[in-house]
Amino acid sequence: MTIRAHSGGHSSRKPQGGRTTAGRKAAGTALAGLAAAASLAVLAPPQAAHAQSAAPGAAVVLAPVTVEGRASAEAVARKRLEAIPGGTGLVVEEDLAGKANVTVSDALAGVPGVVVQNFFGGNDQPRIQIRGSGLQQNPVERGILALQNGLPLNRADGSYIVGLANPRQAEITEIYRGYTANRLGASVLGGAINFVSPTGSSAPGFLLGVEGGSFGQLNSTAQAGGRAGTLDGLIQLQRSRRDGFRDYNSSERTGIDANAGAELTENVTTRFFAGYTDLSFDVAGPLTKSLLKSNPERVFTGPTLVNGVATNPGPNVVRDRPRREARQFRVGNRTTATFGPHLIDLALGYTHTDDTFRFPISSGIRKTEGGDVTAVARYAYSPDPSQPLPLFETTLRYVVGSADREDYLNNAGRQGALFGRSRLDATTLAIHSGLNLPVGADVTLSPGLTIAHATRKNEDRFGAARRPTIAFNPANPSVALPAGSIPAGNTSYDRGYDGFSPSLGVSWKPLPDHTLFAAVSRSFEPPTHDDLIATVNGTPNSSAGRPNPPQPAFVSSAFRTPDLKAQTATTVEAGWRGRLGPLAVDAGTYYSWVRNELLSLRDVTGASLGAVNADETRHLGAELGLSASLTDSLSGRVAYSFQDFRFHDDPVRGDNRLAGAPRHVINATARYAITPALAVQAEVDWYPGKTPVDNMNSVYTDGYATVDLRATYDVTDHVSVYGEARNIFDKTYASSTLIVDQASPTQAVYLPGDGRAIYAGLKARF
């Protein structure tokens, strides 16, 4: 594939070649559309259309759009994204050609400024962060707005399950870093990622695919789509399973995604969509550094007692069997009306999420089930169709949701007694308005204002006077100690948050192929329910509320409900996009003054301490994307991210680095087309230097580099095969770590990355 210039430095030329009742209904509804989509596929010739882009001024359009001789939603989205004065990026489907087991980390590895680290091996729960927002959550559940077709995967309180995003089913993926996501109604420091599904117009016909290889990996994909007159439709089905690199590391995923569009009049188009994801995976947990080096495939059995003193603190994965099972059903509609220069875009969506997370004994088993309704209204005024951005734009995004949460004791991997029950309600309203004013022939001024209001309410419905506790003997972790109980207390709260986030961006095009931009902005991010209520005072051998396992009568709290403030930041940034001969450059830098940064802390054993507001922190970063087509056969790309995130005059942590943020992240690829049908590619992921595991900067994880090789071969115009070798030098490394406030040198905090793996796949289009 040939890498071309664009924002984010990540694109390519297209190559040749056990569920709930709601879940069963969702799957049945989506499957029912397969026959209709398949019939449409044979009725229409290939055409392209806008997809569900969230870029400013984007619309639902079915008619073909030809841009520079190529009809694609990619070209339209790219033009708008590159015009925004700030950090943006674009990933297209062809960028992932030849990769097996494509996860979020695969899809975003080549996007500068987006840092994704595999958390439990090569499954669907990586740690993802943009500019440090949500960095310290284990697992990450806050910090970005995750969208599919312009509607959020996040719940109403801003939390999300990263594994529900499936880049394998996306035609393009739009990345908005920092304040550029305000245009979408976001209210976070990090930004937004929008996974855009193909349509029956952009992907007519049938697609079948199968791939598999090391660690019991087996994936299968089916897709059917087409267009008939003013109607189109598409459905995708994807199934994957994996035994995993480690002893307790299996994962499974089933995904269904369908959409249907219609041109109601010359000016009004609409698209309906539905999706269902069933995701489950074992949480293999961390290892000590010595175990990481000697046997990275094993799992940890908890701390050991030496002369009555606990050493090697960490969770007992063998006994507690941590695991996550999440199901989400999504349905929605997006309708666009255009009247001359005026565009009105309305969207309404509903998601139902059923999430069971079996944590180690210190946190227990958390079950959350509820629904969220999202309404989005956008207006754009574009009197000059030659301008990529509208002269005026405004977006209103309102999300309201409720969920029932139950907390159970984790009794040696089995569901124990109920110790918490909550009713969680949340609303988030964000209104953004902005201008894109041409000032002279080559300068555009883009002022904007985002107003946000959020509520977070918890009603404690536990009812009983005391909460049960359990514990195991630290000297013999398989032997239970006498059960205990503690006073229940009350975890209810009712919080409100308001924020005003102005921004001012300017872009200048001194030459047709060069754009300079600069911006200053504010951001506002309220806490989620996972920040506001947390299980605390557990240990690797005792449940929440029992900090001393042998003391069943010791009185302590099982939950912490801190009165947190919203996280705010002021950010300045500047960048350049341009082309120097065959080299395309996308470079930017930013500095953020962050107040009340939301940090999720853990103690020396890995048990939760709950969330806190850091008074002041500083985020300095640089984002660089380089791409080049050196010859007709040879091309390459480099994505580099620099991060220096620090506390500022903290009374305990001084100016220490924030734990968990690698300072340098480099991804580089080179591709060589041996023949028009056969191509080979090499990819390097490099994390040079050490990364602090704790905020006290006393324990670090080592840097590493891995090398992947892959090849693709187009057997015919419709059939292609590919093979991939990952981590070819079988490097032993920690792909990520737990993040704690004060770590122990012997603590189990290191999460091993996968060893050497071989995969092969086949795809057929007809």
Side-chain angles (χ1 to χ4, degrees), residues 115 117 119 127-144 157-160 162 187-190 286 359 362-363 454 456 493 495 497 499 523-537 559-571 592-621 643-663 691-701 736-743 747 749:
V115 177
Q117 300 164 284
F119 206 62
R127 172 186 288 145
I128 177 172
Q129 54 96 358
I130 302 175
R131 300 186 174 182
S133 188
L135 167 69
Q136 296 207 340
Q137 287 202 323
N138 293 301
V140 63
E141 294 178 311
R142 175 182 49 76
I144 65 170
D157 68 338
S159 65
Y160 69 100
V162 64
S187 56
V188 293
L189 171 66
F359 291 93
S362 60
S363 293
R456 308 286 186 260
Y493 54 80
R495 311 263 163 76
Y497 303 91
S523 64
F524 169 80
E525 185 171 341
T528 69
H529 281 303
D530 295 322
D531 297 316
L532 292 168
I533 180 169
T535 51
V536 294
N537 293 321
F559 291 97
R560 182 171 180 266
T561 55
D563 187 7
L564 297 173
K565 300 177 182 178
Q567 173 181 299
T568 60
T570 299
T571 301
S592 297
W593 293 264
V594 186
R595 296 296 304 269
N596 301 313
E597 180 162 2
L598 292 162
L599 304 179
S600 299
L601 304 182
R602 293 179 177 269
D603 66 15
V604 71
T605 71
S608 173
L609 294 172
V612 300
N613 287 121
D615 186 24
E616 294 185 38
T617 56
R618 301 287 188 265
H619 291 205
L620 169 65
Q643 302 181 130
D644 188 20
F645 305 154
R646 295 181 179 272
F647 294 94
H648 180 69
D649 292 338
D650 187 270
V652 176
R653 305 168 188 89
D655 293 336
N656 286 353
R657 290 170 59 189
L658 286 169
R663 201 163 193 180
T691 301
V693 171
D694 62 345
N695 291 322
M696 300 305 295
N697 291 183
S698 62
V699 177
Y700 290 80
T701 183
S736 186
T737 69
L738 296 185
I739 296 175
V740 296
D741 198 40
Q742 170 71 69
Q747 186 174 352
V749 293

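Only this structure's heavy atoms are used, side chains among them; waters, hydrogens and symmetry mates stay out.
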- Where is the tightest heavy-atom contact between Pro562 and Ala611, given as atom of each residue plus distance? CG-O, 3.7 Å

- Any chance you could measure Thr571, atom OG1, to Leu189, atom CG, to the nearest 0.5 Å? 5.5 Å

- Query: Shortest non-hydrogen contact from Asp655 to Asp649?
  - Reply: OD1-N, 2.8 Å

- Can any side-chain N or O of Gln643 pair as donor or acceptor with the backbone N or O of Pro662 at less than 3.5 Å? yes

- Side-chain heavy atoms of Trp593 within contact of His648, under 4.5 Å: no

- Item | Distance in Å, Gln747 CD paired with Asp694 CG, rounded so as to fall on 0.5 Å steps | 8.5 Å

- Note on the structure: Tightest non-hydrogen contact, residues Pro527 and Leu598, listed as CA-CD1, 3.8 Å

- Can you see which heavy atom on Ser736 is nearest to which on Arg127, and at what distance? OG-NH1, 2.8 Å

- Can you sort out the partners of Asp741 under salt bridge (Lys or Arg N to Asp or Glu O under 4.0 Å), two or more places apart, ordered by chain and number? Arg653

- Item | Backbone N/O of Arg646 and side chain of Arg618: donor-acceptor pair under 3.5 Å | no

- Could you tell me whether a side-chain N or O of Asn697 sits under 3.5 Å from a main-chain N or O of Pro692, the two making a donor and an acceptor? no

- Task: Work out which heavy atom in Tyr700 is nearest to a heavy atom in Val693; give both atom names and the distance.
- Result: C-CG2, 4.0 Å

- Item | Reported CZ-to-OG1 distance for the pair Arg657 and Thr617, which is rounded to 0.5 angstrom | 14.5 Å

- Message: So Gln129 and Phe645, do their side chains get closer than 4.5 Å, heavy atoms only?
- Response: yes

- Task: State, yes or no, whether a side-chain contact exists between Thr535 and Phe559 at a heavy-atom distance under 4.5 Å.
- Result: yes

- Query: Just how far is it from atom CG of Asp531 to atom CZ of Arg142, taken to the nearest 0.5 Å?
  - Reply: 4.5 Å

- Message: Could you check whether any side-chain heavy atom of Arg560 comes within less than 4.5 Å of a side-chain heavy atom of Val612, counting everything from C-beta outward?
- Response: yes

- Taking the inter-plane angle between the rings of His529 and Tyr493 on a 0 to 90° scale, is it parallel (under 30°), tilted (30 to 60°) or perpendicular (over 60°)? tilted

- Task: Walk me through it: do Phe647 and Val652 pass the test side-chain contact (heavy atoms from CB on, under 4.5 Å)?
- Result: CA-CA 10 Å; Phe647 294 94; Val652 176; over 6 Å; no

- Message: Evaluate Thr691 against Thr701 for side-chain hydrogen bond (donor to acceptor under 3.5 Å, both in side chains), listing each step before the verdict.
- Response: CA-CA 5 Å; Thr691 301; Thr701 183; over 6 Å; no

- Mind checking whether Asp615 and Arg595 have side chains closer than 4.5 Å, heavy atoms only? yes

- Query: Under 3.5 Å, side chain of Asn613 to main-chain N/O of Asn596, donor-acceptor pair present?
  - Reply: yes

- Message: Can you confirm whether Asn695 sits close enough to Leu601 that some side-chain heavy atom of one is under 4.5 Å from a side-chain heavy atom of the other?
- Response: yes

- Message: As an exercise, state the distance from CD1 of Ile130 to CG of Leu135, rounded to the nearest 0.5 Å.
- Response: 12.5 Å

- Query: Roughly how far, to the nearest 0.5 Å, is CD1 of Ile739 from CG of Leu599?
  - Reply: 9.5 Å

- Query: Do Ser592 and Arg131 have side-chain heavy atoms sitting under 4.5 Å apart?
  - Reply: no

- Message: Please give me the minimum heavy-atom distance between Glu597 and Gly132, naming the atom from each residue.
- Response: OE2-O, 3.9 Å

